[in-house]
Structure formats: C-alpha cells, structure tokens
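Below is one structure, written out as structure tokens; the observations come after it.
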Amino acid sequence: MRQERIVSMTLPSDTYQRIYAVVAQVPRGKVATYGQIARMADMPRHARLVGYALHALATVNRLPWHRVVNAQGMISERGDGGAAAQKQRRRLEREGVRFNARGVIPLKQYLWQPD
DNA sequence: CTAGTGACTGTTT
DNA sequence: AAAACAGCCACTA
C-alpha cells in the first residue's frame, strides 16, 4: 500500500514542477549546482528558488534531491544540526561521489555536464 | 496589501 | 582568503 504525499498541503506550482523535472535528470554519480538547475529550468539567477523548492519536497519522493549541491561543491546546511546534510553525503558516497578532506566535491570530476 | 525568510550566487570590500 | 552586499522571487504570516 503505497501513497503519494502532497507537498505543503497544496498542489505543487508550475515553477516547482519545472525545477523538479530538471533535478530528475541528474544522472547517478554526478552532481548539479542550484544555479545550474535554475538555468536549465529556464530561470537564470533563481538559484535560491531551487533551494526553496527542494526544501518544500515531501519526505517521500522519487527525486534525486541529494545530487544538488552549492556552487562551491559543498552540501548546503539546512539549519537542522547537520542531520539532513549527513544523509545527503551518505547517499552521494554510496553512488561513487568522493569528497576531499575539506568536505568538498571536486566539481571538475563530478559536475553534471549534459551535451 | 507589506515584511520577513531562505537547501543560492556572483561581485565587491 | 574571508566576509559583506546585492540581486532574485515564491511562500507565509
């Protein structure tokens, strides 16, 4: 018995849907930045909105939300003491993404670069 | 309606 | 190198 959960008790806006559609395309073992997702969703300079949209995601979803990191190649903090960030890092490492000693993902190697 | 906030980012101090 | 600033705009109260 599986059930879909509604986001924020409301229907997702078109804006969020566009963002989610791009996030869904990020391949396993690669990462994308918030700004990159915004550009690909045809919303340049709306990086913050991408973060907001991901924050609004239901706890259960099929999106590879963990593949979205900031422009520095680091996992953005959530203000929850680091629990979510740790979970995100574990998910990335499980699919082969390596972090350096400073907790940074070398974007030269892992940034998603679609043709 | 206004004001505050935020999983951001590029530029300027 | 690090911090501050300035844009950006959906969402909430």
Side-chain angles (χ1 to χ4, degrees):
Chain A
M1 64 169 99
R2 177 140 29 94
Q3 253 186 357
E4 298 277 336
R5 176 185 281 237
I6 304 300
V7 176
S8 301
M9 309 270 283
T10 70
L11 295 173
S13 66
D14 286 344
T15 304
Y16 282 13
Q17 292 288 10
R18 293 235 304 282
I19 291 170
Y20 297 150
V22 176
V23 173
Q25 294 173 44
V26 184
R28 200 185 142 78
K30 291 288 181 180
V31 298
T33 68
Y34 296 93
Q36 177 183 8
I37 296 294
R39 286 194 304 276
M40 295 184 64
D42 208 35
M43 300 185 245
R45 295 182 290 290
H46 292 191
R48 296 193 71 145
L49 209 47
V50 174
Y52 199 95
L54 292 184
H55 182 73
L57 274 177
T59 55
V60 176
N61 59 78
R62 297 176 201 299
L63 236 50
W65 54 268
H66 57 287
R67 299 188 186 133
V68 185
V69 300
N70 65 32
Q72 278 51 249
M74 304 182 75
I75 293 175
S76 292
E77 291 299 331
R78 314 290 202 287
D80 65 349
Q86 194 166 41
K87 178 178 181 179
Q88 182 174 2
R89 174 167 178 155
R90 196 182 66 246
R91 282 183 177 225
L92 287 172
E93 289 180 320
R94 190 168 55 198
E95 52 186 60
V97 176
R98 309 285 263 341
F99 289 70
N100 70 16
R102 293 184 170 185
V104 177
I105 300 168
L107 294 183
K108 286 234 170 155
Q109 180 177 1
Y110 295 106
L111 183 66
W112 178 36
Q113 300 179 76
D115 311 309

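So that the names make sense, note that chain A is the first sequence line, chain B the second, and so on, each numbered from 1.
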Rounded to the nearest Å, what distance is computed from the [atom1] atom of residue [X] to the [atom2] atom of nucleotide [N]?
| X | N | atom1 | atom2 | result |
| --- | --- | --- | --- | --- |
| Q88(A) | dA7(B) | CD | C1' | 8 Å |
| R45(A) | dG7(C) | CZ | P | 13 Å |
| R89(A) | dA7(B) | CZ | C1' | 17 Å |
| R48(A) | dG10(B) | CZ | C1' | 13 Å |
| Y34(A) | dC8(B) | OH | P | 6 Å |
| L49(A) | dC9(C) | CG | P | 9 Å |

Are OP1 or OP2 of dA10(C) and a side-chain N or O of T15(A) less than 4.0 angstrom apart? no
Given dC9(C), is OP1 or OP2 found less than 4.0 Å from the side-chain N or O atoms of H46(A)?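 Yes, because at least one side-chain N or O of H46(A) sits under 4.0 Å from OP1 or OP2 of dC9(C).
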Without swapping roles, check the side chain of Y20(A) against the backbone of A53(A) for a donor-acceptor pair under 3.5 Å. yes
Kindly indicate whether the side chain of Y52(A) and the base of dA10(C) share any N or O donor-acceptor pair separated by less than 3.5 Å?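 Check fails, no donor-acceptor contact within cut-off.
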Could you identify which residues of residues 91-115 of chain A place a heavy atom less than 4.0 Å from some atom of DNA chain B, listed by residue number, or say none?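 Those residues whose heavy atoms fall under 4.0 Å from DNA chain B, taken from residues 91-115 of chain A, amount to none.
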Can you tell which of dC11(C), dT9(B), dC8(C) lies closest to the side chain of A71(A)?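 Side chain of A71(A) sits closest to dT9(B).
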What residue among Q36(A), R89(A), Q88(A) forms side chain to side chain contact (heavy atoms under 4.5 Å, CB included) with V69(A)?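 Checked Q36(A), R89(A), Q88(A) against V69(A); only one passes side chain to side chain contact (heavy atoms under 4.5 Å, CB included): Q88(A).
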Looking at every non-hydrogen atom in both residues, tell me the closest pair between [X] and [Y] and how far apart they are.
| X | Y | result |
| --- | --- | --- |
| A32(A) | W112(A) | CB-CE3, 4.2 Å |
| Y34(A) | S76(A) | CE1-OG, 3.6 Å |
| L49(A) | I19(A) | O-CD1, 4.0 Å |

Atom CG in N100(A), atom CE in M74(A): separation rounded to 0.5 Å?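 Reported value, rounded in 0.5 Å steps: 8.5 Å.
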